[in-house]
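See below for the structure under consideration.
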Amino acid sequence: TEVVAAGDLEYQVQVNSGDEIGNLADAFNDMTGRLSRSYATLREEITERRRAEAALQRYVERLRTLHAIDGTILATWSAEEIARVTLRHIRQLIPCWRASLVLFDFEGNEATTFASLGGGESEWPTGTRGPLEAFGDGIEELWLGKIHRVEDVSKLPRMSSAVRTLHDEGMRSYINV
């Protein structure tokens, strides 16, 4: 019993008699087995709760970021400042090489860079305009309200001028929403 009391719940009493002492040893071994299983279950539940707490903490951080974005919008900053701050917060939520906000004018067949943060030398400053074709394939998907994702730019059958420039600067994948 001292071994079990010290925490070794795998310990088994070795008594091979068919009398009361043997029955007591069997009952003791059964009890330590149940304690061991209960302890293991408790450890699993604690581990799962810690995972849930970590997930909840990440969720809280996302909510804080969204709240900061809301605060930015409500502070009546300029549209450009709102876009820049929003991109900064989005990059905290989704680590990426670069984030840009580009407005697509489908009727005018033109795109305008509204804000951009991140890697590359061709910062595509605010106000930069260009034809939709310069932004590559997937414009039709955007027109339909779908997400356009390219996981490996180097595997594209052809690259637009904008995609080629950004690829040369280090972009490996992108997503347009």
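Hydrogens, waters and symmetry mates play no part in the numbers below; they use all other heavy atoms, side chains included.
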Quiz item: Taking all non-hydrogen atoms of both residues, which atom of Asp152 and which atom of Ser173 are closest, and how far apart?
Solution: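 Looking at all heavy atoms of both residues, the closest pair is N-CB, 4.5 Å.
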Self-check item: Ala111 versus Val102, closest heavy-atom pair with distance
Solution: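 Nearest pair, atom of Ala111 first, then Val102: CB-CG1, 3.8 Å.
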Quiz item: Which side-chain hydrogen bond (donor to acceptor under 3.5 Å, both in side chains) pairs, counting each pair once, include a residue from residues 27-36, with sequence neighbours left out?
Solution: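 Found Glu10-Ser36, Asp30-Arg34.
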Quiz item: Hey, is OH on Tyr39 packed in by over 12 heavy atoms from elsewhere, all under 6.0 Å?
Solution: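 It does not: Tyr39 OH has 12 such atoms or fewer within range.
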Self-check item: Aromatic ring pairing Tyr174/His148, orientation class (parallel under 30°, perpendicular over 60°, tilted between)
Solution: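 Tilted: the ring planes of Tyr174 and His148 meet at 30° to 60°.
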If you measure from [atom1] on [X] to [atom2] on [Y], what distance do you get to the nearest 0.5 Å?
X: Thr47; Y: Arg49; atom1: OG1; atom2: CZ; value: 11.5 Å
X: His67; Y: His89; atom1: NE2; atom2: NE2; value: 10.5 Å
X: Arg164; Y: Glu169; atom1: CZ; atom2: CD; value: 12.5 Å
X: Asp70; Y: Leu63; atom1: CG; atom2: CG; value: 10.0 Å
X: Leu103; Y: Thr112; atom1: CG; atom2: OG1; value: 6.5 Å
X: Leu24; Y: Met31; atom1: CG; atom2: CE; value: 9.0 Å

Practice problem: Applying salt bridge (charged side-chain N to carboxylate O under 4.0 Å, His left out), name anything that partners Arg64, two or more places apart in sequence or on another chain. | Solution: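 For Arg64, the residues satisfying salt bridge (charged side-chain N to carboxylate O under 4.0 Å, His left out) (neighbours in sequence not counted) are Glu61.
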Taking C-beta and beyond as the side chain, do [X] and [Y] meet within less than 4.5 Å on heavy atoms?
X: Asp19; Y: Asn23; answer: no
X: Val150; Y: Leu156; answer: yes
X: Val153; Y: Met159; answer: yes
X: Glu81; Y: Val85; answer: yes
X: Leu132; Y: Phe104; answer: yes

Do you reckon [X] sits in the same ILVMFWY cluster as [Y], going by side-chain contacts under 4.5 Å, direct or chained?
X: Ile90; Y: Leu101; result: no
X: Val13; Y: Ile21; result: yes
X: Phe106; Y: Leu144; result: yes
X: Ile139; Y: Trp143; result: yes

Quiz item: Can you list the steps and then say if Trp97 with Leu166 is a side chain to side chain contact (heavy atoms under 4.5 Å, CB included)?
Solution: CA-CA 10 Å; Trp97 176 74; Leu166 293 170; 4.2 Å; yes
Self-check item: Check: His167 main-chain N/O paired with Arg172 side-chain donor or acceptor under 3.5 Å
Solution: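 Yes, Arg172 side chain to His167 backbone: donor-acceptor pair under 3.5 Å.
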Quiz item: Are any side-chain N or O atoms of Arg88 and backbone N or O atoms of Arg84, one a donor and one an acceptor, separated by less than 3.5 Å?
Solution: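 No.
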Quiz prompt | Verdict with reasoning, Glu141 to Ile147, per side chain to side chain contact (heavy atoms under 4.5 Å, CB included) | solution = CA-CA 7 Å; Glu141 290 174 304; Ile147 294 172; over 6 Å; no
Exercise. Examine the side chains of Ser100 and Ser116 and answer whether a donor and an acceptor come within less than 3.5 Å of each other.
Key: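 Ser100 vs Ser116: donor-acceptor pair found between side chains.
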Quiz item: How far apart are the C-alpha atoms of Arg50 and Glu53, what are their side-chain angles, what is the distance that settles it, and do they pass the salt bridge (Lys or Arg N to Asp or Glu O under 4.0 Å) test?
Solution: CA-CA 5 Å; Arg50 286 182 179 155; Glu53 286 176 9; over 6 Å; no
Quiz item: Going through the checks in order, is the salt bridge (Lys or Arg N to Asp or Glu O under 4.0 Å) test met by Glu45 and Arg43?
Solution: CA-CA 5 Å; Glu45 288 176 3; Arg43 275 193 308 233; over 6 Å; no
Practice problem: Determine, stepwise, if the pair Arg129 / Thr113 fulfils side chain to side chain contact (heavy atoms under 4.5 Å, CB included). | Solution: CA-CA 7 Å; Arg129 296 177 182 263; Thr113 302; over 6 Å; no
